[in-house]
Amino acid sequence: MSVPGPSSPDGALTRPPYCLEAGEPTPGLSDTSPDEGLIEDLTVEDKAVEQLAEGLLSHYLPDLQRSKQALQELTQNQVVLLDTLEQEISKFKECHSMLDINALFAEAKHYHAKLVNIRKEMLMLHEKTSKLKKRALKLQQKRQKEELEREQQREKEFEREKQLTARPAKRT
């Protein structure tokens, strides 16, 4: 096997690039940018560009339209879900407030029962005080009557003693 020389007159490599010797420039590569000279060398017809663009669009456009449709559906579903979630949150708040209202009603019922009991006790105490006042009045009247009777008894006894005491007889 023979190793080919550096390059042939038409510029094609005659040996693989890894077989370059030190100091040899790499054929086909230069110090300039890879894009440089492409515009000048490349002559593309407008019709070919249009056909390539149409082909590219026809290849990717259906997928993009389906993706757009799917995104619109997802967005619409998200809006529906957000509305539903807001409704559920409001129901939860309403339910929570109903629990608070129920607790307030239970507390009100408890305090109402307390008030009813206090009222019963006050009526009972009023009746007892009325009875005690009547009894005290009766006792006071009874004592006054007894005291009056005692006073009358004393007066009678005093009169009787007075009558029983010896009096000097009148001289006639």
Side-chain angles (χ1 to χ4, degrees), residues 29 31-39 42 44-172:
L29 294 179
D31 292 337
T32 61
S33 139
D35 291 337
E36 194 174 302
L38 282 180
I39 295 174
L42 186 64
V44 179
E45 294 181 21
D46 290 336
K47 187 176 182 180
V49 170
E50 192 175 314
Q51 286 177 345
L52 286 172
E54 284 178 13
L56 186 66
L57 283 176
S58 67
H59 181 71
Y60 288 111
L61 191 61
D63 289 338
L64 290 173
Q65 286 176 340
R66 281 193 299 273
S67 297
K68 182 180 178 182
Q69 178 89 19
L71 284 174
Q72 286 175 342
E73 288 178 19
L74 284 174
T75 305
Q76 190 175 15
N77 289 342
Q78 280 182 339
V79 168
V80 169
L81 282 174
L82 285 174
D83 288 342
T84 306
L85 186 62
E86 286 177 7
Q87 290 173 357
E88 291 299 319
I89 288 172
S90 66
K91 285 180 185 177
F92 178 72
K93 286 180 180 178
E94 184 178 311
C95 193
H96 191 66
S97 65
M98 290 299 280
L99 291 176
D100 291 342
I101 290 172
N102 287 339
L104 286 175
F105 275 118
E107 191 175 354
K109 186 177 180 182
H110 173 72
Y111 285 118
H112 178 62
K114 276 188 169 186
L115 284 173
V116 167
N117 285 338
I118 290 172
R119 186 173 183 197
K120 285 179 184 177
E121 287 179 21
M122 287 179 70
L123 287 173
M124 186 176 66
L125 288 173
H126 177 69
E127 288 177 14
K128 283 184 179 181
T129 54
S130 296
K131 288 179 183 178
L132 285 174
K133 283 180 183 179
K134 286 180 185 177
R135 186 175 173 201
L137 184 62
K138 285 181 183 178
L139 285 174
Q140 186 179 8
Q141 288 173 347
K142 185 178 177 183
R143 281 185 190 155
Q144 285 175 352
K145 185 177 179 183
E146 286 175 358
E147 200 173 300
L148 184 62
E149 286 176 0
R150 270 191 242 130
E151 188 65 35
Q152 288 174 351
Q153 186 71 26
R154 277 189 215 143
E155 283 180 18
K156 283 182 185 178
E157 283 180 23
F158 182 69
E159 285 292 324
R160 189 169 173 213
E161 278 183 30
K162 206 176 187 187
Q163 288 176 357
L164 287 177
T165 53
R167 293 190 212 150
K170 293 184 184 179
R171 290 187 199 175
T172 45

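Values reported hereafter were calculated over all heavy atoms of this structure, with side chains retained and with hydrogens, waters and symmetry mates removed.
Residues R119 and L115 form no side-chain contact, since every pair of their non-hydrogen atoms from C-beta on lies 4.5 Å or further apart. Contact annotation: the side chain of R143 never approaches that of Q140 to less than 4.5 Å [non-hydrogen atoms, C-beta and beyond].
The NE2 atom of H96 lies 11.0 Å from the CD1 atom of I101; values are rounded to the nearest 0.5 Å. If you take SG on C95 and CD on E88, they are separated by 11.0 Å, rounding to the nearest 0.5 Å. In this structure, L132 CG and L139 CG are separated by 10.0 Å, a value rounded to the nearest 0.5 Å. Note that CD of E54 is 8.0 Å distant from CG of L57, once rounded to the nearest 0.5 Å. In this structure, NZ in K91 is found 12.5 Å from CD1 in I89, a value given to the nearest 0.5 Å. Distance check: L137 CG to Q144 CD gives 8.5 Å after rounding to the nearest 0.5 Å.
Applying the salt bridge (Lys or Arg N to Asp or Glu O under 4.0 Å) test to residues at least two apart or on different chains, the pairs with a partner in residues 65-80 are D63-R66.
In this view, K120 satisfies the salt bridge (charged side-chain N to carboxylate O under 4.0 Å, His left out) rule with no residue, not counting sequence neighbours. Residues passing the salt bridge (charged side-chain N to carboxylate O under 4.0 Å, His left out) test with R154 are E151, sequence neighbours excluded.
For M124, the CE atom is densely surrounded, since the number of other residues' heavy atoms within 6.0 Å is greater than 12. Crowding of Q76 atom CD: a count of heavy atoms from other residues, nucleotides or ligands under 6.0 Å not exceeding 12. Crowding of E94 atom CD: a count of heavy atoms from other residues, nucleotides or ligands under 6.0 Å not exceeding 12. Remark: E146 CD is packed, more than 12 non-hydrogen atoms of other residues, nucleotides or ligands lying under 6.0 Å away.
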- [ ] Starting from the C-alpha separation in whole Å, work towards a yes-or-no answer on side chain to side chain contact (heavy atoms under 4.5 Å, CB included) for K47 and Q51.
- [x] CA-CA 6 Å; K47 187 176 182 180; Q51 286 177 345; 3.7 Å; yes
